[in-house]
Amino acid sequence: QVQLVESGGGVVQPGRSLRLSCAASGFTFSDYTMHWVRQAPGKGLEWVAAISYDGSSKYYADSVKGRITISRDNSKNTLYLQMNGLRPEDTAVYYCARALRGLISFGDYWGQGTLVTVSS
Amino acid sequence: QSALTQPASVSGSPGQSITISCTGTRSDVESYNLVSWYQQHPGKAPKLMIYEGSKRPSGVSNRFSGSKSGNTASLTISGLQAEDEADYYCCSYSGSGSPYVFGTGTKVTVL
């Protein structure tokens with residue numbers, strides 16, 4: 001069965017860096033575009049970034065451009081989100097989600113989320 | 001990129017039908033038939049209910065349907081059930097740049 005498991009969240013001081021991981025299993029990871037979506041406490045969903053199946057194309061929300069990098073290692077079936085220069089407003093649960101195969105739409109499978117708290 | 005506009009809350013009695021609107025712009029909802037809808041129960045990950053405007057993923061009840069008119073997409077839940085009580089979010093593709101935008105979210109209450 002398809003599983004997405006995020007890790008790497010925690011408490012970090014403003015300005016520091018953090019790398020999130022999303023381990024995928026139960027499907028051919030290298031066939032799918034993958035996404036990161038976040039949700040601040042008590043707030044709505046915010047799309048963060050996406051990466052094509054082979055890593056050749058990457059897309060970012062304007063709010064994170066220049067500070068966040070999405071990447072993947074298809075040999076390890078793992079998606080990453082490198083976050084630099086973290087700000088308090090980056091505090092959120094970060095979810096990874098799979099795109100529907102070959103489609104623009106995403107979210108047929110989601111991870112359970114990992115909480116990132118940016119605080120001094 | 002501004003969030004798509006959804007009503008903060010919608011309510012209905014069991015068995016009734018409700019509709020949630022999602023208003024965007026010419027740059028997103030109006031230009032692409034690529035609106036998705038997600039259901040989220042408290043403390044849980046979102047669940048895809050509708051994609052490409054009106055398509056249901058396997059396993060999603062046919063009580064959920066999607067449509068679009070101009071710059072407004074809609075999600076209709078018919079035969080409202082207690083388990084439908086949740087937050088619902090729309091999300092539209094918006095082309096190049098920052099290519100996806102979520103709606104503000106709607107809390108559905110079953111009376």
Side-chain angles (χ1 to χ4, degrees), chain A residues 1-6 9 20 22 24 27 32-52 57-68 70 89 92-115, chain B residues 1-9 20 22 24 27-29 31-60 66 68 73 86-107:
Chain A
Q1 71 284 18
V2 173
Q3 274 199 312
L4 298 171
V5 180
E6 300 95 338
L20 306 183
C22 169
F27 66 102
Y32 290 83
T33 292
M34 296 295 295
H35 296 250
W36 287 99
V37 173
R38 69 184 181 183
Q39 186 170 34
K43 302 296 184 182
L45 300 173
E46 180 187 14
W47 178 82
V48 174
I51 185 168
S52 61
S57 297
K58 302 176 183 182
Y59 310 90
Y60 298 96
D62 290 340
S63 59
V64 304
K65 229 170 254 184
R67 300 188 300 116
I68 283 181
I70 189 172
E89 55 264 37
V93 174
Y94 285 74
Y95 295 101
C96 61
R98 191 181 81 166
L100 280 71
R101 186 170 182 175
L103 300 183
I104 294 284
S105 304
F106 67 91
D108 60 345
Y109 288 94
W110 296 70
Q112 82 289 352
T114 187
L115 177 62
Chain B
Q1 188 81 5
S2 297
L4 309 176
T5 300
Q6 298 181 232
S9 62
I20 304 168
C22 169
S27 300
D28 40 58
V29 176
S31 293
Y32 304 94
N33 199 23
L34 291 170
V35 173
S36 296
W37 289 91
Y38 304 89
Q39 176 192 66
Q40 187 181 35
H41 287 107
K44 300 295 188 181
K47 175 185 177 183
L48 180 66
M49 307 303 284
I50 296 287
Y51 68 99
E52 292 184 352
S54 60
K55 297 179 181 178
R56 275 189 308 275
S58 173
V60 171
K68 190 187 86 165
D87 293 324
Y88 291 82
Y89 296 90
C90 60
C91 180
S92 177
Y93 179 71
S94 58
S96 60
S98 186
Y100 296 87
V101 57
F102 273 98
T104 50
T106 298
K107 181 175 181 60

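The sequence lines fix the lettering, A, B, ..., with proteins before strands; numbering per chain opens at 1.
For chain B, the nearby part of A:Lys43 is the backbone; its heavy atoms alone come within less than 4.5 Å. B:Tyr93 touches chain A through its side chain: at least one heavy atom from C-beta onward sits under 4.5 Å away, while N, CA, C and O do not. For A:Tyr60, the part lying under 4.5 angstrom from a heavy atom of chain B is the backbone only.
Sorted by first and then second residue, the salt bridge (charged side-chain N to carboxylate O under 4.0 Å, His left out) pairs with a member in residues 96-106 of chain B form an empty list; sequence neighbours excluded. Sorted by first and then second residue, the salt bridge (charged side-chain N to carboxylate O under 4.0 Å, His left out) pairs with a member in residues 38-52 of chain B read B:Glu52-B:Lys55; sequence neighbours excluded.
Distance CG/A:Leu103 to OG/B:Ser36: 9.5 Å, rounded to 0.5 Å. A distance of 4.5 Å separates OH of B:Tyr100 from CD1 of A:Ile104, quoted to the nearest 0.5 Å.
Within residues 33-41 of chain A, the residues approaching chain B closer than 4.5 Å by heavy atoms are, in numerical order, A:His35, A:Val37, A:Gln39.
Contact check for A:Leu45 versus B:Pro46: side-chain heavy atoms found under the 4.5 Å cut-off.
Taking B:Tyr38 as the reference, A:Phe106, A:Trp110, B:Phe102 meet the ring-ring contact (aromatic ring centres under 6.0 Å, His included) condition, with sequence neighbours excluded.
When the candidates B:Gly105, B:Pro99, B:Cys91 are compared by the number of heavy-atom contacts under 4.5 Å with chain A, B:Pro99 comes out ahead.
Annotation for A:Trp47 and B:Ser98: closest pair CZ3-OG, 4.0 Å, computed over non-hydrogen atoms.
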